[in-house]
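The block underneath contains the structure these notes are about, expressed in structure tokens.
As the structure lists them, so they are numbered: ligands from 1, and atoms in each ligand from 1.
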Amino acid sequence: MITIKGLSKSYGNLRVLENVSTEINKGEVISIIGPSGCGKSTFLRCINLLERPTGGEITIDGQNILSRNADVSKLRQKMGMVFQSFNLFSHLMIIENIMLAPVSLLKVPRKQAYEEGMKYLEMVGLGAKAIAFPDELSGGQKQRAAIARTLAMQPEIVLFDEPTSALDPTMVSEVQAVIRKLAADGLTMMIVTHEMKFARDVSSRVFYMDEKGIYEDGSPAQSLIYPKNRGPGLL
Ligand SMILES: Nc1ncnc2c1ncn2[C@@H]1O[C@H](COP(=O)(O)OP(=O)(O)OP(=O)(O)O)[C@@H](O)[C@H]1O
Ligand SMILES: [Mg+2]
């Protein structure tokens with residue numbers, strides 16, 4: 001589904017990613033762990049072109065997304081992104097936040113966008129909050145609304161960048177439960193997380209990143225418990 005070859009990214013003289021290659025297959029749930037500042041967010045942001053890689057190739061469904069004639073907005077629609085900080089529009093009701101992109105980008109009729117949006121809100125347990133404003137929601141509810149908004153664009157893959165690290169501990173599990181459900185439904189996901197137990201339980205594969213690249217790529221047991229390329233396991 002996604003093939004990454006020799007991916008590099010520098011900010012000025014700072015080389016964050018160097019010659020990273022991997023493949024992501026449909027239906028995989030990949031957790032990305034690793035120390036702060038090693039380039040996990042940069043890696044996700046290169047995949048959905050929020051950052052322009054300095055070198056290498058990224059192919060999605062056979063299309064090189066870094067080529068000059070790639071249709072970037074179409075490619076972005078295939079990839080949903082969920083951020084640590086929710087990024088909901090505070091002046092719009094929750095259901096309006098969810099309808100916005102389907103109506104404006106996909107030209108879905110408002111009524112249909114509403115009905116589909118409600119379906120996603122119910123899926124994340126927020127059917128009753130459709131006409132609330134983001135400020136009226138808890139952090140965990142906001143993040144679940146942000147996930148519903150991402151799903152409403154029917155992405156082929158969803159990239160999560162530390163979706164629970166801005167939340168109080170009591171709210172972490174409700175957001176993780178939604179992600180687990182999506183994993184059980186077969187959605188392809190990449191999840192940057194510091195939650196080792198969650199990574200172990202939800203993922204089919206775990207990447208351990210450190211300076212400039214991926215040092216472990218294997219099952220949760222391989223990457224977390226008996227890593228080949230670094231010190232003792234993390235669990
Ligand atoms: N826009 C930018 N301009 C310059 N340097 C940047 C930029 N974004 C990130 N960096 C630097 O690149 C390196 C990797 O950052 P990145 O945010 O990808 O790390 P991370 O693994 O996601 O860390 P964390 O776990 O703290 O979120 C860091 O040294 C960071 O300071
Ligand atoms: Mg980060």
Side-chain angles (χ1 to χ4, degrees), residues 2 4-22 24 28-58 60 65-66 72 75-76 79-88 139-140 142-144 146-147 149-150 155 157-169 171-172 175-176 178-179 182 188-203 205-218 220 222-224 227 229-235:
I2 302 183
I4 297 167
K5 274 194 204 144
L7 177 70
S8 302
K9 173 69 187 174
S10 303
Y11 297 108
N13 292 332
L14 180 69
R15 292 167 163 197
V16 179
L17 300 174
E18 214 161 78
N19 202 18
V20 177
S21 299
T22 190
I24 295 131
E28 284 190 311
V29 177
I30 300 177
S31 289
I32 303 173
I33 59 170
S36 180
C38 73
K40 304 179 297 296
S41 298
T42 301
F43 184 50
L44 285 195
R45 294 169 65 85
C46 283
I47 294 175
N48 76 351
L49 295 177
L50 286 174
E51 296 286 354
R52 187 91 197 159
T54 359
E57 259 178 43
I58 302 177
I60 299 185
I65 67 172
L66 302 179
V72 172
L75 286 161
R76 282 228 184 92
M79 292 180 275
M81 181 105 180
V82 174
F83 301 91
Q84 186 176 332
S85 52
F86 328 129
N87 296 5
L88 295 167
K142 277 187 227 180
Q143 190 59 299
R144 286 186 281 143
I147 293 171
R149 178 185 55 179
T150 299
I157 179 169
V158 179
L159 312 175
F160 293 83
D161 194 356
E162 303 200 32
T164 61
S165 37
L167 301 177
D168 289 342
M171 293 168 192
V172 169
V175 172
Q176 289 182 345
V178 169
I179 300 174
L182 296 174
T188 313
M189 297 187 276
M190 295 179 82
I191 310 163
V192 173
T193 183
H194 289 288
E195 309 269 348
M196 295 302 151
K197 288 202 178 90
F198 177 64
R200 180 194 65 189
D201 295 343
V202 80
S203 326
R205 248 164 109 190
V206 175
F207 292 171
Y208 175 80
M209 289 184 67
D210 209 329
E211 274 178 42
K212 302 186 177 60
I214 299 171
Y215 285 68
E216 297 286 340
D217 169 0
Q222 275 162 11
S223 292
L224 295 167
N229 299 321
R230 65 192 168 87
L234 294 166
L235 282 177

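- Nearest-residue assignment for atom 24 (P) of ligand 1 (options Ser36, Gly39, Gly12; heavy-atom criterion): Ser36.
- Within a 6.0 Å sphere centred on NZ of Lys212, heavy atoms belonging to other residues, nucleotides or ligands number more than 12.
- In summary, the atoms of ligand 1 found under 4.0 Å from a heavy atom of Ser41, numbered by their order in the structure, are 17 (O), 18 (O), 20 (P), 22 (O), 27 (O).
- At a heavy-atom distance under 4.0 Å, no atom of Met209 approaches ligand 1.
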Legend entry - Criterion side-chain contact (heavy atoms from CB on, under 4.5 Å) on Gln176 and Ile191, from CA distance to verdict: CA-CA 11 Å; Gln176 289 182 345; Ile191 310 163; over 6 Å; no
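- Checking atom 2 (C) of ligand 1 against the protein gives a heavy-atom contact under 4.0 Å.
- For atom 8 (N) of ligand 1, the nearest protein heavy atom is under 4.0 Å away.
- Surrounding CZ of Arg15 are at most 12 heavy atoms belonging to other residues, nucleotides or ligands under 6.0 Å away.
- Using a distance-only test at 3.5 Å, with no hydrogens or angles considered, no donor-acceptor pair links the side chain of Gln143 to the main chain of Thr164.
- In this structure, the separation between CD1 on Ile30 and OG1 on Thr188 is 9.0 Å, given to the nearest 0.5 Å.
- Using a 4.0 Å cut-off between heavy atoms, Leu14 contacts ligand 1 through its side chain alone, with no backbone atom that close.
- The protein heavy-atom contact nearest to atom 10 (N) of ligand 1 is Tyr11 CE1, 3.3 Å.
- For atom 15 (O) of ligand 1, the closest non-hydrogen atom on the protein side is Thr42 OG1, 3.8 Å.
- Of the possible polar contacts, none joining the Thr150 side chain to the Gly80 backbone as a donor-acceptor pair under 3.5 Å is found.
- Residue Val16 has no N or O atom closer than 3.5 Å to an N or O atom of ligand 1.
- In this structure, CD1 on Ile58 lies 11.5 Å from OG1 on Thr22, to the nearest 0.5 angstrom.
- Remark: minimum distance from atom 28 (C) of ligand 1 to any protein heavy atom is reached at Gly37 O, 3.7 Å.
- Lys40 contributes a side-chain N or O that, together with a main-chain N or O of Gly34, makes up a donor-acceptor pair within less than 3.5 Å.
- Distance check: Asn19 CG to Ile214 CD1 gives 11.0 Å after rounding to the nearest 0.5 Å.
- With hydrogens left out, the protein atom closest to atom 25 (O) of ligand 1 is Lys40 NZ, 2.7 Å, a heavy atom.
- Remark: ligand 1 atoms within the under-4.0 Å shell around heavy atoms of Glu162 are 24 (P), 25 (O), 27 (O).
- In this structure a side-chain-to-backbone donor-acceptor pair under 3.5 Å is present from Thr54 to Ser10.
- Remark: side-chain polar atoms of Ser223 are paired, donor with acceptor, to backbone N or O of Gly218 under 3.5 angstrom.
- Heavy-atom distances between His194 and ligand 1 reach below 4.0 Å in at least one pair.
- Around the Mg ion (ligand 2), the protein atoms of type N, O or S that sit closer than 2.8 Å are Ser41 OG.
- Between Arg45 and Glu51 there is a salt bridge, with a side-chain nitrogen of the basic residue lying less than 4.0 Å from a carboxylate oxygen of the acidic one.
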